[in-house]
Amino acid sequence: RAARARRADAALTRIASRAATATALGDGLTALVSGLTVTAAALVGAQAVADGRLSGVILAVVVLTPLAAFEAVLGMPLAVQYRQRVRRSAERVHEILDAPEPVREPDRPRQAPARPFPLVVKGLTARYAGQDRDALAGVDLTLEEGRRVAVVGASGSGKTTLAQVLLRFLDPEAGAYTLGGVDARSLDGDDVRRLVGLCAQDAHLFDSSVRENLLLARKDATEPELRDALARARLLDWTDSLPDGLDTLVGEHGARLSGGQRQRLALARALLADFPVLLLDEPAEHLDLPTADALTADLLAATEGRTTLLVTHRLAGLEAVDEVIVLDGGRVVQRGPYAELAALPGPLRRMADREAATEELVGAR
């Protein structure tokens, strides 16, 4: 990683050096040509004055005219550089605009069901554009009201892909995905996301107050409802300790909060939105192990009785969920209650052993 950082730094240095060289040459040439032009005008003008063909006042005008003319072209070297930057930026924008759409919205969306239960995924297969293999293959999942399911697996196993399909950020290649018996692909994407809500690992926090960030979920929420959401996310005591309480500013992207506080605030916002199905995508990612495990425990406590799909690579606290699904290479390799799977030789047991070894290593340090 240090070597990659050095290579990236060297590349940026070369780019900056080329830009500085171009600017220096452009500015130098402009100054040189401007100076030579002024000198030539002064010589010609002085000779004209000596011959009596030009007055002294007009000579001043003749000398200053090239300076005024060159002011119009002083910005050209910089304009050339900005033209290159804008062209590269336009290429990146066009790459996005020309990319195939990952989701095709129906021409005539169906009416969304009042309740999404049961949420059923059958034989789901999904692949990203440009990839030569399926990210998910033959996945089955059923979420009844109040049921909590955890999806675990190593990075690249297909966990996030499943979340993207459920949120209609990605269309499946094959298989069925229904909400309350209605094909999700026949529904407007926003309608699907009103039934299946997301609390992501990188949930955005705006440079505003705690209150305003919560009200994004439900703008008409009352003070007691805001405090209840914060209490369920185990954030109320911290909020009450702040000088301005709910009106405390969180900073850009939540910069004034710790990683755990940012995730808890995102959870409180998701709970306040009261989605029928709550999807938690790697909520403890990027946190140290004790904080991650404490957050996971609080997440599971806050979602008790609520239909929840927890996507995670951590196993701590999963005894509280109804079912654990283990993904590997986009396929379901194990499923069942956590205690049952952890007692049997298999993928989940190996994951638990690796997690325990990691915790011992961290504890030893």
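- A 4.5 Å side-chain heavy-atom check between Thr307 and Phe275 finds every atom pair outside the cut-off.
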Are Val192 and Tyr177 close enough, and set up right, to give a side-chain contact (heavy atoms from CB on, under 4.5 Å), and what steps lead you there? CA-CA 11 Å; Val192 172; Tyr177 169 30; 4.1 Å; yes
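- Closest approach of Met351 to His313, counting heavy atoms only: CE-O, 4.3 Å.
- A donor-acceptor distance shorter than 3.5 angstrom exists from the side chain of Asp322 to the backbone of Arg148, with no hydrogens or angles considered.
- Inspection of the Arg314 and Thr296 side chains reveals no N or O donor paired with an N or O acceptor under 3.5 Å.
- No side-chain heavy atom of Gln164 sits under 4.5 Å from any side-chain heavy atom of Asp281.
- Electrostatic pairing of Arg6 and Asp9 does not count as a salt bridge here, judged by no charged N lying under 4.0 Å from a carboxylate O.
- The nearest pair of heavy atoms linking Arg194 to Pro276 is O-CD, 3.5 Å.
- Taking CG of Leu318 as the start and CG of Leu300 as the end, the distance is 7.0 Å to the nearest 0.5 Å.
- A heavy-atom distance below 4.5 Å is not found between the side chains of Leu341 and Arg349.
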Applying side-chain contact (heavy atoms from CB on, under 4.5 Å), run through Leu124 and Leu162 and close with a yes or a no. CA-CA 9 Å; Leu124 189 69; Leu162 176 60; 3.9 Å; yes
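- The minimum heavy-atom distance between Leu230 and Thr239, with the atom names listed, is CD1-OG1, 3.9 Å.
- Considering only heavy atoms from C-beta on, Thr125 stays 4.5 Å or farther from Leu136 through its side chain.
- Leu43 and Leu64 end up in different hydrophobic clusters when Ile, Leu, Val, Met, Phe, Trp and Tyr side chains are linked at under 4.5 Å.
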CA sep, side-chain torsions, deciding dist, call: Val277, Leu143, side-chain contact (heavy atoms from CB on, under 4.5 Å): CA-CA 9 Å; Val277 177; Leu143 275 178; 4.1 Å; yes
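- Closest of all the heavy-atom pairs between Ser209 and Val250 is C-CG1, 4.3 Å.
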Run the side-chain contact (heavy atoms from CB on, under 4.5 Å) test on Tyr128 and Asp134 for me, step by step, so that the C-alpha distance in whole Å, both residues' side-chain angles and the decisive distance to 0.1 Å come before the verdict. CA-CA 8 Å; Tyr128 293 102; Asp134 294 331; over 6 Å; no
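- Interatomic distance, Gln261 CD to Leu265 CG, rounded to the nearest 0.5 Å: 9.5 Å.
- For the pair Asp353 and Arg350, the salt-bridge criterion is not met [side-chain N within less than 4.0 Å of a carboxylate O].
- Between Ser55 and Ile58, the closest side-chain pair of non-hydrogen atoms falls below 4.5 Å.
- Of all heavy-atom pairs between Arg306 and Arg232, the closest is NH2-NH1, 3.3 Å.
- To the nearest 0.5 Å, atom CG of residue Asp244 and atom CZ of residue Arg211 are 10.5 Å apart.
- Rounded to the nearest 0.5 angstrom, Lys219 NZ and Leu272 CG are separated by 13.5 Å.
- Here the side chains of Arg269 and Asn213 are in contact, with some heavy-atom distance below 4.5 Å.
- The backbone N or O of Leu315 lies less than 3.5 Å from a partner atom in the side chain of Glu355, making a donor-acceptor pair.
- Criterion: ILVMFWY side-chain heavy atoms under 4.5 Å apart, direct or through other members. Under it, Leu198 and Leu141 are part of a common hydrophobic cluster.
- Remark: the Arg92 side chain and the Ser89 side chain contain an N/O donor-acceptor pair separated by less than 3.5 Å.
- Residue Thr308 holds its OG1 atom at 9.5 Å from CG of Leu279, rounded to the nearest 0.5 Å.
- Two residues are said to be in side-chain contact when any heavy atoms from C-beta on lie closer than 4.5 Å; Arg335 and Asp140 meet this criterion.
- Residues Val321 and Val149 fail the side-chain proximity criterion, which asks for heavy atoms closer than 4.5 Å.
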